[in-house]
Amino acid sequence: MFAALSEKHEHKKVLPDLEGAENGVVMRFAPNPSGPLHIGHARAAALNDAYIRQYGGRYILRIEDTDPKRVDPEAYEMVVEDLKWLGLAITDTVTQSDRLHLYYVLCTQLIERGGAYVCTCDNEVFKELKNKKTACPCREQSVETNLVLWDRMLTHGFKEGEASVRIKTDLLHPDPAMRDFPAFRILDAPAHPKVIAHVYPLMNFSVVADDHLLGVTHVIRGKDHIANTRRQRYIYDHFGWKVPVYRHYGRMGIEGVVLSTSQMRLGINDGTYSGWDDIHLGTMRALARRGISPEAVKNAMLAIGIGDTDISFSWDNLYAENKKIVDPIANRYFFVPEPVTAKIEGAGPHTAHAMLHPSDAARGTRTLEFTGTVLLPKSEISPDVTMLRLKDLFNVKISWNGDTPTFTYAGDSLADARAAKAHIVQWLPAQATIACTIKTQEGDMSGACEPAVRSELGKVIQFERVGFVKIDAVGDEGIVAYYTHK
RNA sequence: GCUGCUAUAGUGUAGUCCGGCCAAUCAUGCGGGCCUUUCACGCCCGCGACUGGGGUUCGAAUCCCCAUAGCAGCACCA
């Protein structure tokens, strides 16, 4: 009870208060379905989620698919899966292509209110006029004319590029981005995968319409939308609607992974990447495959917060968050990279009982039977090494005859190993190993691990002295693991 | 070019609105130590920042001006 309370309290402390949120909020996450979600999306998704958990309310997933050029039919499903993986408190889902009729009706109303007009100017011509702060002829048309033209747009009376609906703003506005921006356009091709249409709203219109219709109270989005927020205010004013509270966070630079949907798709098609979850990509599914937990992603994003400074995303910080989650639960196993076979002279059979987790004895042990020959990491064996401690087993003396080592049993005493400053290394009984490949962003690391790892399929474990990995596949040829972090 | 936003340690972040309690918080990273049959975890110690220059003030990370830098928008993309 108290734990729950204090946890809730902690949530409160993480992010600054939202103005006007005391009685609950309605917020939304509004991705474009062009591909799976990536780390960039995670920030908006997690921030909104945290506020909804803090204040209570509804969390609307709004699929913004009003540009058929940028819709991947498979992405609808992927977006939902990715959000589910993240564990967000989504309460409602709407898809904009289902709602075109609503936007049409509102557009008619806006024209009637004199807040919008149908523009049939060539785009380049309009741009020139706009830059000169000059109205185009269409702007002076009567409401009746506009309604006729709007109807003609909807009934295929115009082809792509021949007409658009513009919002009346302020042509003298110092920021050219504000002047009479477009709200609807005509698209003859490509066909939308979900709806038959050729008049589509532009983002600024459909967003305002939906934010109003759905009762959105607070909007948290990137600062690349600051100009859009100002533009959208004109539409709110024309309708006389209440404007939500906006927060714009700064740009987040992310290095080390590919985020561009088009680049990812290209790479997948030409075989550079194995799929949307290739570990070189910054997608949620790639993180999942690498053993990053959704909680860690959310925590990392909340730690970044809603500051409006441009920042660079830190993998170190994400890994640290993930380690906090994964370290207490990951079982420990031996992995021997680049194994070399070593016959140990003078040792009778031994049985090693190694703990599955060093700080949780209750979890039990793995049993490793020594019968004479072991696998050792190649990097631990060089002519300057004369003694090793096989972890949880015994000490080994190494005598060198030129480049040829001879391994001899040197007692069970841990104290001796300590005194000799011998490395304590992971090892495997030669008769009981399974091949294992650890896939990292830099390439594959091959070796062998304990056969018991087979039972950890799908889980994150720690290979002692190597790092955390997620067991991705278990087959006859061996085990495939993905490197998570140290 | 026009418009706007931002500027705290390697990285993220608190403090900035309402100037003093900030010789600047926390986390991460890095270095060292302790613990430990992992180079993990935990614990301890340390390193490291208010972009620059003016101004206001008894006093400025905090207010004002200028400069510089970064970012965003000016799409019939979202």
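Just so it is clear: chains get the letters A, B, ... in the order the sequence lines come, proteins before strands, and each one is counted from 1. Computed from a predicted model, the values in this text were never measured in an experiment.
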Query raised in the report: Which residues within residues 349-368 of chain A lie with some heavy atom under 4.0 Å of an atom in RNA chain B?
Result: A/P358
Report task. Figure out the CZ/C1' separation between A/R332 and B/C41, and round it to whole Å. Result -> 7 Å
Review item, nucleotides 71-76 of chain B N/O atoms under 3.5 Å of protein N/O:
from, atom 1, to, atom 2, distance (Å)
B/C71, O4', A/D310, OD2, 2.9
B/C71, O2', A/D310, OD2, 3.4
B/A72, OP1, A/R251, NH1, 3.2
B/G73, N2, A/D175, OD1, 3.4
B/C74, O3', A/K130, NZ, 3.1
B/C74, O2', A/K130, NZ, 3.1
B/A75, OP2, A/K130, NZ, 2.9
B/C76, OP2, A/N123, OD1, 3.1
B/C76, N4, A/G161, O, 2.6

Report task. May I ask you to establish whether A/R53 and A/Y59 are in a cation-pi arrangement, using a distance under 6.0 Å from NZ or CZ to the six-membered ring centre and at most 45° from the ring axis? Result -> no
Query raised in the report: Are A/D180 and A/K168 close enough for a salt bridge, meaning some N to O gap below 4.0 Å?
Result: no
Report summary line: Note: for A/V425 and A/R230 on RNA chain B, the residue whose nearest nucleotide lies more 5' is A/R230
**Report entry** Rounded distance (Å) that lies between atom P of B/A14 and atom CG of A/L302
**Finding:** 12 Å
Requested in this report: Determine whether any donor atom in the side chain of A/E321 lies under 3.5 Å from an acceptor atom in the base of B/U28, or the reverse, and answer yes or no.
Outcome: no
Report summary line: Among B/A40, B/A7, B/C39, the one nearest any side-chain atom of A/T309 is B/A7
Query raised in the report: Taking atom C1' of B/C17 as reference, at what distance in whole Å does atom CG of A/D308 sit?
Result: 13 Å
Query raised in the report: Got a donor-acceptor pair under 3.5 Å from the side chain of A/E380 to the base of B/C39?
Result: yes
Query raised in the report: Just how far, in rounded Å, is C1' of B/G4 from OH of A/Y246?
Result: 17 Å
Report task. Show your reasoning for whether side chain to side chain donor-acceptor pair (under 3.5 Å) applies to A/R221 and A/T229. Result -> CA-CA 10 Å; A/R221 40 162 35 164; A/T229 298; 2.7 Å; yes
Query raised in the report: Between A/Y76 and A/K194, is there a cation-pi geometry (under 6.0 Å to ring centre, at most 45° from the normal)?
Result: yes
**Report entry** Whole-Å distance separating the CE atom of A/M301 from the C1' atom of B/A27
**Finding:** 16 Å
Query raised in the report: With the threshold set at 4.0 Å, does a side-chain nitrogen-carboxylate oxygen contact exist between A/R152 and A/E162?
Result: no
Report task. Round to a whole Å and report the spacing from NE2 of A/H485 to P of B/U38. Result -> 20 Å
**Report entry** A/H485 side-chain N/O to A/Y483 backbone N/O, donor-acceptor pair under 3.5 Å
**Finding:** no
Report summary line: Stem ranges of RNA chain B by first residue number, counting only runs of at least 3 Watson-Crick or G-U pairs under 3.5 Å, come to B:1-7 with B:68-74, B:10-12 with B:26-28, B:29-34 with B:42-47, B:51-55 with B:63-67
Requested in this report: Could you tell me the separation between the CD1 atom of A/I424 and the P atom of B/U38, rounded to a whole number of Å?
Outcome: 6 Å
Report task. Look at the side chain of A/N204 and the backbone N and O of A/Q232, then say whether any donor-acceptor pair between them is shorter than 3.5 Å. Result -> no
Query raised in the report: Whole Å only: how far is the CG atom of A/D327 from the C1' atom of B/U28?
Result: 16 Å
Query raised in the report: Taking the inter-plane angle between the rings of A/Y104 and A/W150 on a 0 to 90° scale, is it parallel (under 30°), tilted (30 to 60°) or perpendicular (over 60°)?
Result: perpendicular
